[in-house]
Amino acid sequence: MRAHDVKEILIDKQTIAKRVDELVDEIIENERPQQLLVIGILKGSFMFLADLMRGFHRHDAHPRVDFMTLSSYGADTVSSGVVRIVHDVRENLVDATVLVVDDILDSGRTLAFTRKLLLERGAKAVHTCVLLDKKAHRAVEFEADYKGFEIDDQFVVGYGLDYDNLYRELPHIAKVNFH
Ligand code: IMP
Ligand code: MG
């Protein structure tokens, strides 16, 4: 790990909470939540997904939930380019309408891989929801259906996102400043 600090707050927790509520409204408007299977990509999505689920509750919606653990980074801040399934979904995907939730869309490889895989396994539709979109850094073309914030090409942590599996507990998004 390189010398760094995470003192600079990029998005505070009130701003996140407000945007998550808006995303829930958007999703409720466009999807049929009773039929929805929400799949969180671990580990980064756990906090975002938990807040989305509390939002669904406010709308009296009851989506199904499952998780998939994917890995592409290791202990670096640059994607290795290979997506690996560490832990697979258990819910039946045939004819399911799926909402894949991830922390951040960066190269696009993780979500492109996931969407293709779920469709090949019989899902009827696969929509995607990300908290952050690092638009400038795409290696493959990919647009999320729902996204919280667009950010510049910088490395961030907190609210589930990590640097070498650290700082996931931060309630806000912080910038990693390398010295
Ligand atoms: P992609 O496959 O390159 O789009 O990367 C998606 C995954 O990379 C995310 O789910 C994160 O785990 C990780 N990632 C990308 N950018 C960042 C970042 O700035 N901070 C922490 N993790 C990141
Ligand atoms: Mg990560």
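Counting starts at 1 for both ligands and their atoms, following the listed order.
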- Task: For Asp133, enumerate each residue passing the side-chain contact (heavy atoms from CB on, under 4.5 Å) test, keeping only those at least two apart in sequence or located in another chain.
- Result: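 Applying side-chain contact (heavy atoms from CB on, under 4.5 Å) to Asp133 gives Leu105, Lys135, Arg138, Lys147, Glu150.
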- Item | Derivation and outcome, side chain to side chain contact (heavy atoms under 4.5 Å, CB included), residues Glu8 and Val176 | CA-CA 8 Å; Glu8 187 181 337; Val176 181; over 6 Å; no
Atoms of ligand 1 close to [X] [distance to a heavy atom under 4.0 angstrom, numbered from 1]:
X: Thr110; result: 1 (P), 2 (O), 5 (O), 6 (C)
X: Arg109; result: 2 (O), 4 (O)
X: Ser107; result: 1 (P), 2 (O), 3 (O), 4 (O)
X: Lys134; result: 16 (N), 17 (C), 18 (C), 19 (O)
X: Leu161; result: 20 (N), 21 (C), 22 (N)
X: Gln154; result: 19 (O)
X: Asp162; result: 21 (C), 22 (N)
X: Asp102; result: 10 (O)

- Start with the C-alpha gap between Leu49 and Met47, add the side-chain angles, then the distance that decides, and say whether side chain to side chain contact (heavy atoms under 4.5 Å, CB included) holds. CA-CA 5 Å; Leu49 184 128; Met47 212 179 271; over 6 Å; no
- Task: Heavy-atom distances under 4.0 Å are what count here, so tell me which part of Asp103 touches ligand 1: side chain, backbone, both or neither.
- Result: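 Asp103 to ligand 1: side-chain contact only, backbone stays beyond 4.0 Å.
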Is the shortest side-chain N to carboxylate O distance from [X] to [Y] below 4.0 Å?
X: Asp88; Y: Arg121; value: yes
X: Asp21; Y: Lys18; value: no
X: Arg168; Y: Asp162; value: yes
X: Asp152; Y: Lys134; value: no

- Give me the ring orientation class for Tyr167 and His4: parallel if the planes are under 30° apart, tilted from 30 to 60°, perpendicular past 60°. perpendicular
- Query: Taking atom types as modelled and ignoring hydrogens, do the side chains of His127 and Asn30 form a donor-acceptor contact shorter than 3.5 angstrom?
  - Reply: no
- Mind checking whether Gly108 has a heavy atom under 4.0 Å from ligand 1?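 So Gly108 counts as touching ligand 1.
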- Among Ile104, Ile173, Ile41, whose heavy atom sits nearest atom 6 (C) of ligand 1? Ile104
- From the options Phe142, Phe155, Tyr163, select the one whose nearest heavy atom is closest to atom 22 (N) of ligand 1. Phe155
- Query: Taking distance alone, with no angle check, do Leu111 and ligand 1 share an N/O pair under 3.5 Å?
  - Reply: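 Not met; the criterion fails.
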- Query: Is the closest N or O pair between Val156 and ligand 1 shorter than 3.5 Å?
  - Reply: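 Between Val156 and ligand 1 (N or O atoms, distance only) the closest approach is under 3.5 Å.
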